[in-house]
S.K.: 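Structure below; questions to follow.
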Amino acid sequence: MRVLIRGGLVVGRQAALADVLVADGRVHEVGPSLSARGASVIDAEGCWVGPAFVDLHTHLREPGNEDAETIESGARAGAVGGYGALVAMPNTDPALDSVAAVRFVLEVGRRAAIDVAAAASITVGRRGQDLTAMAELVEIGVRLFTDDGTAVRDPAVLRRALTYARPLGVRIAEHAEDADLVGDGVMNEGTWSGRLGLTGRPAVAELVTVLRDIELARETGGSLHILHVSTAAALAAIVRARREGVDVTTEVTPHHLTLDESACASYDANFKVNPPLRTAADVAALQRALRDGEIDAVATDHAPHAPETKDQAFDEAPAGVLGLEHAAALTLEALGGLGSDPQRFFDLLSRRPAALAGLRGPRCPQGLGQHGGWVELGDEAHLVVFDPRRQWVVDRATLQSRARNTPYHGREMTGRAVVTMVGGRVVARDGAPA
Amino acid sequence: MSTIRGRSLLSLSDLTRDDLIEVLDAAESFVEVHRRTVKKVPALRGRVVASLFYEESTRTRLSFETAAKRLSADVLSLAVASSSVKKGESLRDTIATIEALGIDAVVLRHRASGAAEQVARYVPDVRVINAGDGQHQHPTQGLLDAFTVRQVLAERQGARGSETGSALFAGLHVLIVGDIRHSRVARSDIDAYAALGAEIRVVAPPTLLPPGIETWPVQVVDRLDDTLEWADIVSLLRLQHERGTGRFVPSLAEFTATFGLTVERLTRVRPEALIMHPGPINRGVELDAAVADAPAAVITRQVANGVPIRMAVLFLTIAGNREDEP
Ligand SMILES: [Zn+2]
């Protein structure tokens, strides 16, 4: 099967107008005016053609909460959003804390529309005490470990994890919020929480955990990843530590890049998320850092919840929002829209997250594709054709996810994956699964 | 344009001075109804008001239900605090059920901040009256506090409150003492007094101040003793220690020693000042028992004004149009 992607801006080592011929699941030829003989043609004029997106942070809810999402439905949502691979988060029920649990996700994932990798928890049952069988989990393809949902509360346990993981070449990823400072907070602590009478989660709860984790990574020489950084202060601490040589990477979510705490004034739990939506100044700082290349990846923290659970009082509803289907448009918006640098766009959505997930290079787990490439001859054809001008309106009724908890319902977006290709096969087209 | 007539009352934060005066004036006319032998007007005949209290508050519930009955409305009282919530029925389901019964308004008390906003979204055609939502707002309490202040100050001048408009609030020194952070009453009071032109000071241990207080239209004072003589109104808030807010201070005894209105402190309050408390009082915590019974205390007046204020709110939000004047 041959597919010709014609006339797009191919974002490889350089960005240049070219055709891409895909054959037998690989990039067969890149160049001007390629012959379409024997190939089906995708018109990519005005579009950016690059490596399919890779999400570092997807909650697929299976096993345990299939009312909210399944591996199959989450992967479909990813395909529609332009993703070729995603990393399933381990806070399922049971948690992905064993070889058997991770194998289950990988095996079900093999039948999904896109590549499904899995992170495993740092501690057994995410209870913050005993380390999981990290070396064995690495053997079956785990490249990220996290107790996401919460930070590892006991610094001795985190220190042990960073130390143990060091020779395994994997990263310890932290949901950096201090549980005691967070208390029973439900939104950012500040002027809005005070007026709304909602209990706050202070920004300093993120900062103290980030600072603690950085010092432990510095001391152990371990590799640390800070999930969904949300405040200017924590981000500054990460940037500083990296300049000082600490191996720390970070990601930011589309919602923290585009929404601030004032959205909570509606008391609509679709704006409830952890860490919470922060101040407008934090949003501006995150956007600036994104453009300056100080953030490694945009990661969705796609967190589906069954409708009846979100339809509760703000302080009772679970935290989390959907992300996969609108992340790329929001990333483009945060980068500055049409005039933004397509290289940076693909670095943030594909190349860096692919590298951090171990989906790029020699350590790519068996059975999963090589993602985040340069669109060069011989590359596996995990590609996205992204139209940065395409306008569309988010409608929660038409999402591929089983859940409906998007904070962007009714919002007009600019930019959409018009074709997503995994292994040379079109898996989604124009917002619908193929 | 009036933002109260024919609209839900969820918060006092979006009411203008004219809106507030409209409610106070209407309440004054309903005080007169109370003096009649037949304490009922037909203003809301044929209308149905549901009272939905997810948090038990006999006093507020009875006050609303009495107000509705005096306006000749039919009252549908759902004791949800004890029944359906425990069966796991959601707020949305309960509201849908009672909406099907053809209600005109719902009076809602809920432990969650924002519950009234949510219900108003669920049933856009029904007037929602917030009878207290979590730590957010308690609009009718704010209104009745302002009403009581105007009533007492006007009486001293031999006038009716309605003859004074908002004049008596101009530059009035209102001191609010205690747990501002967790108090829906404080938020509604501050909105009302600020819109009416009063000067507001708050005094509390810093742990009981809400985040962002510096953006509120109030001046924060550290010590109660430094500001007692300044006050025309001393408004005390309930310390809700049964909900764990006691943890925000080292002990109740220390709170009383530093922020309680003791008999000794009462001597430094100006003689013409009013002492207020939304109730229920923790005697010996926010104030000494004897202070609650002092002549300056208008706490029983506040309670008595609950019915006329709620009549005014029900009437304006449900009937709405001027042609329906009582
Ligand atoms: Zn997280």
Side-chain angles (χ1 to χ4, degrees), chain A residues 67 180-206 231 260-272 276-282 305-319 396 404-405 407 409-410, chain B residues 10-14 54-55 85 88-96 108 110-122 130 132-138 179-188 190-191 202 208-218 220 240 243-245 247-248:
Chain A
D67 282 354
D180 296 307
L181 282 169
V182 152
D184 51 7
V186 297
M187 69 171 288
N188 185 46
E189 181 176 294
T191 304
W192 280 102
S193 72
R195 287 295 293 172
L196 296 169
L198 291 169
T199 309
R201 299 169 82 92
V204 75
E206 180 171 87
T231 60
D260 68 44
E261 56 180 345
S262 66
C264 301
S266 62
Y267 292 101
D268 180 343
N270 286 317
F271 296 101
K272 181 177 176 182
L277 301 176
R278 302 291 190 182
T279 67
D282 288 311
H305 290 289
E308 63 279 9
T309 66
K310 270 294 192 185
D311 198 3
Q312 295 189 71
F314 195 90
D315 58 5
E316 286 166 355
R396 62 176 155 239
R404 294 288 167 256
N405 54 308
H409 176 68
Chain B
L10 308 177
S11 160
L12 293 188
S13 65
D14 40 12
Y54 282 83
E55 207 180 49
V85 171
E89 182 175 291
S90 74
L91 185 54
R92 169 166 274 189
D93 292 340
T94 307
I95 295 292
L108 182 82
H110 201 283
R111 53 145 291 282
S113 299
E117 265 87 351
Q118 283 183 310
V119 169
R121 256 202 308 274
Y122 297 155
N130 184 0
D133 65 323
Q135 301 170 355
H136 177 223
Q137 284 270 332
H138 193 352
D179 186 359
I180 317 283
R181 186 186 184 104
H182 303 102
S183 173
R184 55 192 172 213
V185 174
R187 285 169 178 77
S188 290
I190 289 168
D191 284 338
V202 298
L208 289 177
L209 290 173
I213 184 79
E214 65 282 356
T215 65
W216 294 24
V218 301
V220 178
Q240 309 210 334
R243 292 188 194 165
T245 55
R247 282 180 293 124
F248 287 72

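Proteins get letters first, then strands, A, B, ... in listed order; numbering begins at 1 in each.
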S.K.: Roughly how far, to the nearest 0.5 Å, is the CG atom of A:D268 from the CD atom of B:Q118?
M.R.: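 Answer for the CD-CG pair, B:Q118 versus A:D268, is 7.5 Å.
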S.K.: Counting only N and O atoms by type, is there a donor-acceptor contact under 3.5 Å from the side chain of B:R121 to the main-chain atoms of A:S266?
M.R.: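 The answer is yes, because a donor-acceptor pair under 3.5 Å joins these two groups.
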S.K.: I need the minimum non-hydrogen distance between B:H136 and A:R195, along with the two atoms involved.
M.R.: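 For B:H136 versus A:R195, the nearest heavy atoms are CD2-O, 3.4 Å.
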S.K.: Once rounded to the nearest 0.5 Å, what's the spacing between atom OG of A:S193 and atom CD of B:Q135?
M.R.: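 Rounded to the nearest 0.5 Å, the OG-CD separation comes out at 10.0 Å.
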S.K.: Considering only heavy atoms, which portion of A:D311 lies under 4.5 Å from any heavy atom of chain B: side chain, backbone, both, or neither?
M.R.: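 Contact with chain B: backbone and side chain both.
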S.K.: To the nearest 0.5 Å, what is the distance between OG on B:S113 and CG on A:L196?
M.R.: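 One finds 8.0 Å between OG of B:S113 and CG of A:L196.
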S.K.: Enter the distance from A:T191:OG1 to B:E214:CD here, rounded to the nearest 0.5 Å.
M.R.: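 With rounding to 0.5 Å, OG1 (A:T191) is 5.5 Å from CD (B:E214).
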S.K.: Stepwise, does the side-chain contact (heavy atoms from CB on, under 4.5 Å) test hold for B:R111 with A:D315?
M.R.: CA-CA 10 Å; B:R111 53 145 291 282; A:D315 58 5; 2.7 Å; yes
S.K.: Given a strict heavy-atom distance threshold of 4.5 Å, which part of A:E308 is in contact with chain B: side chain, backbone, both, or neither?
M.R.: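 No part of A:E308 comes within 4.5 Å of chain B.
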